[in-house]
Every structure is written in structure tokens, then in C-alpha cells.
Amino acid sequence: SEWKTFPEFAVPHEEYRPRYRKFKGWNRSTVGTESFDKLPEAARDYITFIEQELQTPISIVSTGPRREETIERRTFR
């Protein structure tokens with residue numbers, strides 16, 4: 001059986017194994033990117049995967065240390 005989270009009823013067991021996923025990387029800097037659509041495709045795919053696994057939207061993507069290097073994907077209410 002496969003679990004996405006560690007079940008509360010589980011006890012430590014030597015047969016439990018993590019399931020790793022590999023993703024394509026990107027070979028260019030994302031610093032200063034101001035739009036989600038302008039990020040490398042592999043970066044967008046990675047963010048989408050995280051959203052699906054966590055079942056929650058990612059609203060902010062930081063592309064550098066400065067305030068203006070932030071992509072706001074959704075408006076806050």
C-alpha cells in the first residue's frame with residue numbers, strides 16, 4: 001500500500017521506504033523573473049507538482065532577494 005503522509009496508526013517498520021521523484025532542472029537564472037509564464041518550463045512543472053502534492057495553491061514565488069523579484073500568482077483576500 002502507498003501513503004502520501006505517515007499514517008497516525010503506523011508504527012516504525014523496517015519495510016517502509018520513501019518514494020523519491022526526479023525532476024528536470026533548469027540551467028538559467030530565474031533572478032528578476034516577474035511572471036510565472038516566463039519561468040523555465042521545468043521550474044513551472046516543479047511548482048505545479050508541489051501544489052498538487054500539497055493540495056494547496058502556491059501564491060508567491062521568490063526569484064531573488066529583492067522585494068520586486070517576487071511573482072504573485074494569486075490575489076489574497
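This one's a predicted model, so the numbers in the text were calculated from it and none came from an experiment.
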Between Ser62 and Thr70, is there a donor-acceptor pair closer than 3.5 Å when you use the side chain of the first and the backbone of the second? no

For Phe49, is there any backbone N or O sitting under 3.5 Å from a side-chain donor or acceptor partner on Gln52?
no

Residue set satisfying salt bridge (Lys or Arg N to Asp or Glu O under 4.0 Å) with Glu41, at least two apart, ordered chain then number -> none

For Pro40 and Trp26, the nearest pair of non-hydrogen atoms, with its separation, is CB-CB, 3.7 Å

Note: Gly25 and Ala42 closest approach over all heavy atoms is O-CB, 3.7 Å

Within the supplied structure, the quantity of interest is the number of heavy atoms (other residues, nucleotides, ligands) at a distance under 6.0 Å from Arg28 CZ; does it exceed 12? yes

Does Gln55 CD have over 12 foreign heavy atoms under 6.0 Å away? no

field: Side-chain touch Leu39/Thr30, heavy atoms, less than 4.5 angstrom
entry: yes

**Message:** Measuring only between side-chain heavy atoms, which start at C-beta, is Ile71 closer than 4.5 Å to Ile60?
**Reply:** no

- Take the angle between the ring planes of Phe23 and Tyr46 and call it parallel below 30°, perpendicular above 60°, tilted in between. perpendicular

Sorted by chain and residue number, the side chain to side chain donor-acceptor pair (under 3.5 Å) partners of Arg19 (sequence neighbours excluded) come out as Glu2

Residue pairs passing the salt bridge (charged side-chain N to carboxylate O under 4.0 Å, His left out) test with at least one member in residues 44-65, sequence neighbours excluded, are Lys4-Glu53, Glu51-Arg73, Glu51-Arg74

- Is it the case that one hydrophobic cluster holds both Phe36 and Ile50, taking links as side-chain heavy atoms less than 4.5 Å apart, direct or via other members? yes

